[in-house]
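Here the structure comes first, spelled out in structure tokens, and everything after it is commentary.
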Amino acid sequence: MHCVGGWILVNELAAKRNAVTELMRISPLADDLAGLFARAGHRLYLVGGSVRDALLGRLSADLDFTTDARPDQILKIVSGWADAVWETGIEFGTIGVTKHGSTLEITTFRADTYDRVSRNPEVTFGDTIEGDLLRRDFTVNAMAIELSTKQFIDPHGGLKALRDRILDTPATPEESFADDPLRMLRATRFVAQLGFSPAPRVVEAMTAMAGELARITAERVQTELSKLILAPRPRRGLELMVDTGLADMVLPEVPGMRLAIDEHHQHKDVYQHSLTVLDQAIALEKADNWEPDLVLRLAALLHDIGKPDTRRFESGGGVSFHHHEVVGAKMARKRLRALKYPKQVVEDVGQLVFLHLRFHGYGRGEWTDSAVRRYVTDAADLLPRLHKLVRADCTTRNKRKAAALQRTYDDLEERIARIAAEEDLARVRPDLDGNEIMKLLGLPPGPLVGKAWRHLKELRLDRGPLTHEEAIAELERWAQENGIQPPDR
């Protein structure tokens, strides 16, 4: 017997009855809405992910319905009942409504056809629930409940697949993925989100058809990838992407980290190491009660992508990856821009990749206070993420070495806290602002003011806070060295 969502799958018939009961208990709105459709002569079904998630005990307030009513008829039925109605998806047969804080999407039965060149379907409305379910992506999403009769509809064995945690398609995988190649990437996302295993025929089709993903826009790919990265088990989904060749289409730098280990075993498998760092970053998120953090997780996955391009075999059998953090930061930014990630995500991930190695120069704590200030200043708002990334990057099997690294980082964090308390490190600024610099040097706004400001900031990082008189003296010294004659004071 298997426990799913708090009820026991004793046999399929009992499970279907229990499923209906559970769904109705969780969503009383469904009965109310079904009555409206029945009085208008139409059937209404709870469908797809809503049925699946209810059976898994994770139903949200966002519910999906399907019906034989056409879009204009749906609008008439919900008008006056819903708190709000929107028609953004009406050309695809979808009407959105809100009611008592729940978001409901009601879609006319679909029987779409695809040209199999683009992923855009020729929208065709269907007449049966069976036809609608056949066109859905996976059998666990191809279950429905007819809300008036409470009939559980499962023509493709979705309940059994849910029980067995198997991801399969209602039609053949080849047909399904040819219609919409994004479904292959969605399969990796469901593996990461739900812990399912893809059926062998699904893996076979994904491997053979990975190149079809080129038909999908970068924006759609990015949305699925982000959902995968933010899932509870992203490693499983990423491994499926790499094994099937999908990653070559989406994140080719990740399979590119599968370096052949040299005969002296002088370096780690960078690909497996990066997945482990991702796992450990997620564990650190949980330990501090963080919500899943896309920037941290992307940085953990991509922090070593510069290693293949910087690998050098040294005399004596050693291997080096000099400046891989610099190369990796550029590669990460380029890839994330290609995937149309927001500019801030691109810059934040790139900066974390660039900074992730700097701590290893800390050694046994011989950094000066100046170096600590620069570490904090360069990380800026990313410092909490950088702490987690650096700690996650310790994957050595040598427990003594791992403990020593963690203690050293503990020491660094303690020094940061001490200096921050003394100097307000989060707001490191020169001891004179731009207006004072212009007044003291008699300069108009322009590049020279910026150079003077940066000079004073460097002094602030090196020496800590200066008195006002010391700052003025240093500014005048800089002006003299740069041929600037301050006005008489």
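Just so we're clear, the structure is a prediction, and the values are computed from it rather than from any experiment.
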Check whether any side-chain N or O of [X] sits under 3.5 Å from a backbone N or O of [Y] as a donor-acceptor pair, and report yes or no.
X: Arg258; Y: Pro255; value: yes
X: Thr94; Y: Thr107; value: no
X: Thr139; Y: Ala142; value: no
X: Asp180; Y: Leu182; value: yes
X: Asp64; Y: Gly48; value: no
X: Arg215; Y: Ala178; value: yes
X: Gln193; Y: Gly237; value: no
X: Arg189; Y: Ala231; value: no
X: Glu285; Y: Asp293; value: yes

Next on the checklist: Using the rule given for side chain to side chain contact (heavy atoms under 4.5 Å, CB included), can you reason through His387 versus Ile416, listing the C-alpha separation, both sets of side-chain angles and the distance that settles it, and then say yes or no?
Outcome noted: CA-CA 11 Å; His387 288 333; Ile416 289 171; 3.9 Å; yes
Checklist entry - For Met184 and Thr188, what are the C-alpha separation, side-chain angles and deciding distance, and is it a side chain to side chain contact (heavy atoms under 4.5 Å, CB included)? => result CA-CA 7 Å; Met184 295 186 286; Thr188 68; over 6 Å; no
Would you say [X] has more than 12 foreign heavy atoms packed within less than 6.0 Å of its [atom1]?
X: Lys330; atom1: NZ; result: no
X: Glu413; atom1: CD; result: yes
X: Asp381; atom1: CG; result: no
X: Glu291; atom1: CD; result: no

Next on the checklist: Let's go through Asp168 and Lys160 carefully: what are the C-alpha distance in whole Å and the side-chain angles of both, what is the deciding distance for salt bridge (Lys or Arg N to Asp or Glu O under 4.0 Å) to 0.1 Å, and is it a yes or a no?
Outcome noted: CA-CA 11 Å; Asp168 205 349; Lys160 183 179 185 302; over 6 Å; no
Can you tell me how far [atom2] of [Y] sits from [atom1] of [X], rounded to the nearest 0.5 angstrom?
X: Thr103; Y: Trp86; atom1: OG1; atom2: CH2; answer: 5.0 Å
X: Leu405; Y: Asp393; atom1: CG; atom2: CG; answer: 9.5 Å
X: Lys388; Y: Leu383; atom1: NZ; atom2: CG; answer: 10.5 Å
X: Leu278; Y: Ile229; atom1: CG; atom2: CD1; answer: 6.5 Å
X: Met257; Y: Lys307; atom1: CE; atom2: NZ; answer: 10.0 Å
X: Asp132; Y: Tyr45; atom1: CG; atom2: OH; answer: 10.0 Å

Identified side-chain contact (heavy atoms from CB on, under 4.5 Å) partner of [X] from the options [options]:
X: Leu228; options: Val191, Leu238, Thr223; value: Leu238
X: Met143; options: Leu55, Ile153, Leu133; value: Leu55
X: Leu352; options: Leu382, Leu298, Leu302; value: Leu382

Checklist entry - Is any side-chain heavy atom of Tyr375 closer than 4.5 Å to a side-chain heavy atom of Leu412? => result yes
Item to check | 4.5 Å side-chain heavy-atom contact, His156 and Leu134 | outcome: yes
Item to check | Qualifying residue, where the test is salt bridge (Lys or Arg N to Asp or Glu O under 4.0 Å) with Asp137 and the options are Arg183, Arg52, Arg186 | outcome: Arg186
Next on the checklist: Side chains of Ser197 and Arg236 only: does a donor on one sit below 3.5 Å from an acceptor on the other?
Outcome noted: yes
Checklist entry - Without hydrogens or angle criteria, can the side chains of Gln272 and Arg235 be said to hold a donor-acceptor pair below 3.5 Å? => result yes
Item to check | Short N-O contact, Glu253 and Lys334, less than 4.0 angstrom | outcome: no
Item to check | Trace of the side chain to side chain contact (heavy atoms under 4.5 Å, CB included) decision for Phe190 with Leu240 | outcome: CA-CA 11 Å; Phe190 283 133; Leu240 180 59; over 6 Å; no
